[in-house]
Visitor: 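One structure is given below, represented as structure tokens, and several questions about it will come after.
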Amino acid sequence: QLQLVESGGGLVQPGGSLRLSCAASGFTLDYYTIGWFRQAPGKEREGVSCSRSRGSTTYYTDSVKGRFTISRDNAKNTVYLQMNSLKPEDTAVYYCAAAPPGSMCVKTSYKYWGRGTQVTVSS
């Protein structure tokens with residue numbers, strides 16, 4: 001059974017850092033396009049970052065460029081989202097999602113979703 005589990009969320013002060021993890025089971029994550037999304041209360045889910053198959057290409061939404069970094073650890077079958085210089089507007093539930101090998105980084109490509117992890121940035 002293909003499964004994604006996020007972890008690493010929590011409460012952090014503005015300017016702080018968190019590293020989110022997305023652990024996969026039931027498939028080899030390296031072959032898949034992996035995206036990180038977030039959804040704040042009352043807002044639509046938005047794409048934050050994406051790593052295409054084998055990490056060949058990465059993308060970031062403008063609001064997180066220079067602050068967030070997506071990476072893969074194939075030995076652990078895990079994708080990370082390193083988040084630095086966090087701002088209150090980064091507060092949201094963060095989700096990882098997987099799209100079949102070769103997929104583009106578009107929302108309609110994703111077939112498998114985790115349940116999310118809460119990130120709260122507040123003083």
Side-chain angles (χ1 to χ4, degrees):
Q1 182 178 357
L2 193 148
Q3 191 174 14
L4 296 169
V5 178
E6 304 94 337
S7 62
L11 173 64
V12 63
Q13 292 186 343
S17 298
L18 284 174
R19 188 178 77 161
L20 305 183
S21 300
C22 173
S25 60
F27 69 107
T28 301
L29 191 147
D30 188 39
Y31 298 123
Y32 284 68
T33 292
I34 302 298
W36 282 98
F37 293 79
R38 65 186 179 186
Q39 188 166 19
K43 295 188 177 181
E44 291 188 359
R45 189 172 298 187
E46 67 165 341
V48 175
S49 180
C50 174
S51 171
R52 290 198 65 195
S53 305
R54 304 209 170 200
S56 57
T57 311
T58 57
Y59 299 96
Y60 300 92
T61 193
D62 286 346
S63 62
V64 308
K65 284 180 181 176
R67 301 189 298 122
F68 290 11
T69 303
I70 190 170
S71 62
R72 297 173 180 255
D73 185 334
N74 295 333
K76 295 183 178 179
N77 212 29
T78 298
V79 171
Y80 301 100
L81 184 68
Q82 177 67 43
M83 306 187 297
N84 299 328
S85 302
L86 282 161
K87 305 175 181 180
E89 51 263 42
D90 295 318
T91 296
V93 178
Y94 283 71
Y95 302 87
C96 66
S103 296
M104 303 293 288
C105 289
V106 294
K107 195 172 182 179
T108 53
S109 296
Y110 296 95
K111 305 299 182 187
Y112 312 104
W113 292 81
R115 293 189 174 186
T117 185
Q118 175 71 47
V119 171
T120 303
V121 185
S122 175
S123 55

Visitor: Find out whether Ser7 and Thr117 are in side-chain contact, i.e. whether some heavy atom of one side chain is under 4.5 Å from a heavy atom of the other.
Guide: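 Heavy-atom side-chain distance check fails, nothing below 4.5 Å.
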Visitor: Which pair of non-hydrogen atoms, one from Pro101 and one from Ser53, has the smallest distance, and what is that distance?
Guide: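 Closest approach of Pro101 to Ser53: CA-OG, 3.7 Å.
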Visitor: Take Asp62 and Lys65 through the test salt bridge (charged side-chain N to carboxylate O under 4.0 Å, His left out) and record every step on the way to the result.
Guide: CA-CA 5 Å; Asp62 286 346; Lys65 284 180 181 176; 2.9 Å; yes
Visitor: Would you say that Tyr110 contacts Cys50 through its side chain, given a criterion of any heavy-atom pair below 4.5 Å between the two side chains?
Guide: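 In short, these two side chains touch, coming nearer than 4.5 Å.
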Visitor: Which value, rounded to the nearest 0.5 Å, describes the distance between Lys87 atom NZ and Arg67 atom CZ?
Guide: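 CZ of Arg67 is found 4.5 Å from NZ of Lys87.
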Visitor: I'd like to know if the side chain of Ser103 reaches the main chain of Thr33, judged simply by a donor and an acceptor atom lying under 3.5 Å from each other, with no hydrogens or angles considered.
Guide: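 A pair under 3.5 Å: no.
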Visitor: Just how far is it from atom OG1 of Thr28 to atom CG of Leu2, taken to the nearest 0.5 Å?
Guide: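 Those atoms lie 10.0 Å apart.
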Visitor: I want to check something: taking the side chain as every heavy atom from C-beta on, are Val119 and Met83 in contact at a cut-off of under 4.5 Å?
Guide: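 SC-SC contact between Val119 and Met83 confirmed.
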Visitor: Report the distance from atom CG of Asp30 to atom CG of Asp73, rounding to the nearest 0.5 Å.
Guide: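 Separation between the atoms: 10.5 Å.
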Visitor: Leu20 and Tyr80: same hydrophobic cluster, using ILVMFWY side-chain contacts below 4.5 Å?
Guide: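 No.
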Visitor: At their closest point, which heavy atom of Ser109 faces which heavy atom of Met104, and how far apart are they?
Guide: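 Minimum heavy-atom separation between Ser109 and Met104: OG-O, 3.3 Å.
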Visitor: Tell me whether the rings of Trp113 and Phe37 are parallel (<30°), tilted (30 to 60°) or perpendicular (>60°).
Guide: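 Answer is tilted, since the angle falls between 30° and 60°.
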Visitor: Hey, is CD on Glu89 packed in by over 12 heavy atoms from elsewhere, all under 6.0 Å?
Guide: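 Count over threshold, so yes.
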Visitor: Compare all side-chain heavy atoms of Gln118 with those of Leu11 and state whether any distance is below 4.5 angstrom.
Guide: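 The answer is no, as the side chains (C-beta and beyond) never meet within the 4.5 Å cut-off.
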Visitor: Is there side-chain contact between Ile70 and Val79, with heavy atoms separated by less than 4.5 Å?
Guide: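 Counting from C-beta outward, Ile70 and Val79 do come under 4.5 Å.
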Visitor: Closest heavy-atom contact between Ala40 and Ala92?
Guide: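 The answer is N-CB, 3.8 Å.
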Visitor: Using only atom types and a distance under 3.5 Å, with no angle test, would you say the side chain of Asn77 pairs donor to acceptor with the backbone of Phe27?
Guide: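 Yes, Asn77 side chain to Phe27 backbone: donor-acceptor pair under 3.5 Å.
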Visitor: Give a yes or no answer on whether the side chain of Arg52 reaches the backbone of Thr57 with a donor-acceptor pair at less than 3.5 Å.
Guide: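 No, because the side chain of Arg52 does not come within donor-acceptor range (under 3.5 Å) of the backbone of Thr57.
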Visitor: For the residue pair Cys96 and Glu6, what are the closest heavy atoms and their distance?
Guide: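 It is N-OE2, 2.9 Å.
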Visitor: Please find the pair of heavy atoms, one from Leu18 and one from Val12, that lie closest to each other, and give the distance.
Guide: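 Heavy atoms only, the tightest pair is CD1-CG1, 4.0 Å.
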Visitor: Looking only at non-hydrogen atoms, find the nearest pair between Leu4 and Ala24 and report the distance.
Guide: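 Minimum heavy-atom contact is CD2-CB, 3.9 Å.
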Visitor: Can you find a heavy atom in the side chain of Thr58 that is under 4.5 Å from one in the side chain of Ser49?
Guide: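 Not in contact.
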Visitor: Mark yes when over 12 heavy atoms from residues, nucleotides or ligands other than Lys76 sit less than 6.0 Å from its NZ; otherwise mark no.
Guide: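 Open.
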Visitor: Keeping the roles fixed (side chain from Ser123, backbone from Gln13), state whether a donor-acceptor pair exists under 3.5 Å.
Guide: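 No; zero donor-acceptor contacts below 3.5 Å.
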Visitor: Answer yes or no: is there a side-chain heavy-atom contact under 4.5 Å between Tyr112 and Ile34?
Guide: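 In short, these two side chains do not touch, never coming nearer than 4.5 Å.
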Visitor: Would you say Gln39 and Tyr95 make side-chain contact, with heavy atoms under 4.5 Å?
Guide: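 The answer is yes; the side chains approach within 4.5 Å.
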Visitor: Are Val106 and Tyr60 linked, directly or through other ILVMFWY residues, by side chains that come within less than 4.5 angstrom of each other?
Guide: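 As far as the 4.5 Å side-chain criterion goes, Tyr60 and Val106 are not connected within one cluster.
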Visitor: CG/Leu86 to CZ/Phe68 distance, rounded to the nearest 0.5 angstrom?
Guide: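 Going from CG on Leu86 over to CZ on Phe68, the span is 5.0 Å.
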Visitor: Please report the interatomic distance CG(Leu81) to CZ(Arg38), rounded to the nearest 0.5 Å.
Guide: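 Those atoms lie 9.5 Å apart.
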